[in-house]
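One structure is given below, encoded as structure tokens.
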Amino acid sequence: MKYWLMKSEPDVFSIDTLKSKNTSGWDGVRNYMARNYMRDNMKMGDLIFFYHSSCEIPGIAGIAKVSRESHPDPTQFDSKSDYFDPKATKETPRWFMVDVEFVEKFTSIITLSTLKSIKELEKMPLVQKGSRLSINPVTEQEFQTIISLKNS
DNA sequence: GCCAACGTTGGC
DNA sequence: GCCAACGTTGGC
């Protein structure tokens with residue numbers, strides 16, 4: 001099993017939105033590296049840190065898991081969607097997504113500021129300057145370190 | 001709202 | 001294939 005971190009703007013899609021829906025397609029990703037992680041590397045049961053970005057208190061809000069592996073992101077075919085891609089066709093889709101399922105909402109957010117203060121996490125792209133990728137792999141050690149912060 | 005960092009586009 | 005221009009991300 002592998003571990004991941006996925007960013008979402010809570011104004012658009014938050015951990016509470018996922019909790020209320022239980023599962024959701026992770027649509028709207030329009031970056032090739034992030035797409036490749038979803039298309040090629042994210043497998044059933046992989047655990048995901050759900051990160052809130054571009055908000056008052058950026059940080060990890062909870063955990064989700066992969067509940068369906070790669071399939072075409074339907075928003076690329078929808079001309080009314082913000083994520084419409086005129087170059088994508090159903091025969092040769094350009095954008096792929098996984099579905100994720102709610103696992104847990106933390107009682108309090110593990111803030112970016114906290115994550116930045118932990119020596120063991122300094123290699124995470126998240127805490128490095130200029131890192132914008134919305135999906136990143138997380139190592140087992142990083143996962144355990146972050147989980148241990150949950151109740152402290 | 002600012003702006004650094006980065007990805008993408010398109011002319012050549 | 002280079003690279004300048006542009007658009008976007010996302011913390012602050």
Side-chain angles (χ1 to χ4, degrees), chain A residues 2-21 24-42 46-66 69-100 102-139 141-143 145-150 152:
Chain A
K2 293 188 295 306
Y3 302 94
W4 305 92
L5 180 140
M6 298 174 95
K7 299 180 189 174
S8 181
E9 297 184 25
D11 292 347
V12 180
F13 188 84
S14 72
I15 188 86
D16 293 313
T17 321
L18 181 62
K19 186 176 185 181
S20 67
K21 294 177 66 177
S24 174
W26 199 272
D27 62 17
V29 170
R30 293 296 178 267
N31 169 284
Y32 288 105
M33 214 179 315
R35 177 204 67 179
N36 293 349
Y37 283 138
M38 289 200 285
R39 188 188 60 186
D40 306 330
N41 302 112
M42 298 183 74
D46 283 1
L47 292 176
I48 302 158
F49 283 130
F50 195 122
Y51 180 85
H52 284 176
S53 67
S54 294
C55 56
E56 198 172 348
I57 307 170
I60 297 172
I63 297 178
K65 67 180 178 188
V66 177
E69 294 177 8
S70 175
H71 54 108
D73 176 346
T75 62
Q76 71 193 301
F77 309 123
D78 177 2
S79 60
K80 293 188 292 297
S81 168
D82 285 345
Y83 304 118
F84 177 61
D85 184 342
K87 291 180 182 160
T89 65
K90 301 219 171 175
E91 290 69 34
T92 54
R94 176 178 294 200
W95 303 108
F96 293 83
M97 65 180 194
V98 297
D99 288 3
V100 305
F102 177 80
V103 173
E104 172 182 0
K105 178 185 176 182
F106 296 158
T107 46
S108 59
I109 294 227
I110 301 174
T111 66
L112 178 60
S113 147
T114 296
L115 297 170
K116 280 183 167 169
S117 72
I118 311 285
K119 181 93 169 70
E120 289 88 340
L121 302 178
E122 67 188 8
K123 292 214 171 92
M124 290 185 81
L126 185 73
V127 303
Q128 286 162 17
K129 196 177 172 186
S131 162
R132 308 189 320 186
L133 194 58
S134 65
I135 303 178
N136 283 104
V138 172
T139 68
Q141 291 90 330
E142 288 161 351
F143 188 86
T145 299
I146 292 169
I147 284 294
S148 76
L149 300 171
K150 192 170 63 155
S152 59

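Proteins get letters first, then strands, A, B, ... in listed order; numbering begins at 1 in each. Only a predicted model underlies this, so the values are computations on that prediction, with no experimental measurement involved.
Using a 4.0 Å cutoff on non-hydrogen atoms, the parts of residues 122-135 of chain A near DNA chain B are A:Lys129, A:Gly130, A:Arg132, ordered by number.
Of the residues near DNA chain B, A:Lys87 and A:Asn31, the one whose nearest nucleotide (by heavy atom distance) lies more toward the 5' end is A:Asn31.
Between A:Lys150 and A:Glu104, at least one side-chain nitrogen of the basic residue sits less than 4.0 Å from a carboxylate oxygen of the acidic one, meeting the salt-bridge criterion. Ion pairing of A:Arg30 with A:Asp73 is present here, as a side-chain N (NZ or NE/NH1/NH2) and a carboxylate O approach within less than 4.0 Å.
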*Step by step, would you call A:Leu5 with A:Lys7 a side-chain contact (heavy atoms from CB on, under 4.5 Å)?*
CA-CA 7 Å; A:Leu5 180 140; A:Lys7 299 180 189 174; 4.1 Å; yes
_A:Trp4 vs A:Asp46, side chain to side chain donor-acceptor pair (under 3.5 Å): CA-CA, chis, key distance, verdict_ = CA-CA 8 Å; A:Trp4 305 92; A:Asp46 283 1; 3.0 Å; yes
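A:Asp82 contributes atom CG, which lies 10.5 Å from atom CG of A:Asp27 (distance to the nearest 0.5 angstrom).
From the 5' end on, the contacts that DNA chain B makes with chain A at under 4.0 Å to a non-hydrogen atom open and close at B:dA4 to B:dT8.
Considering only heavy atoms from C-beta on, A:His52 comes within 4.5 Å of A:Ile15 through its side chain.
Heavy-atom contacts from other residues, nucleotides or ligands closer than 6.0 Å to CD of A:Gln128 number more than 12.
Checked against A:Trp95 for a ring-ring contact (aromatic ring centres under 6.0 Å, His included), the options A:Trp26, A:Tyr83, A:Tyr32 give a single hit: A:Tyr32.
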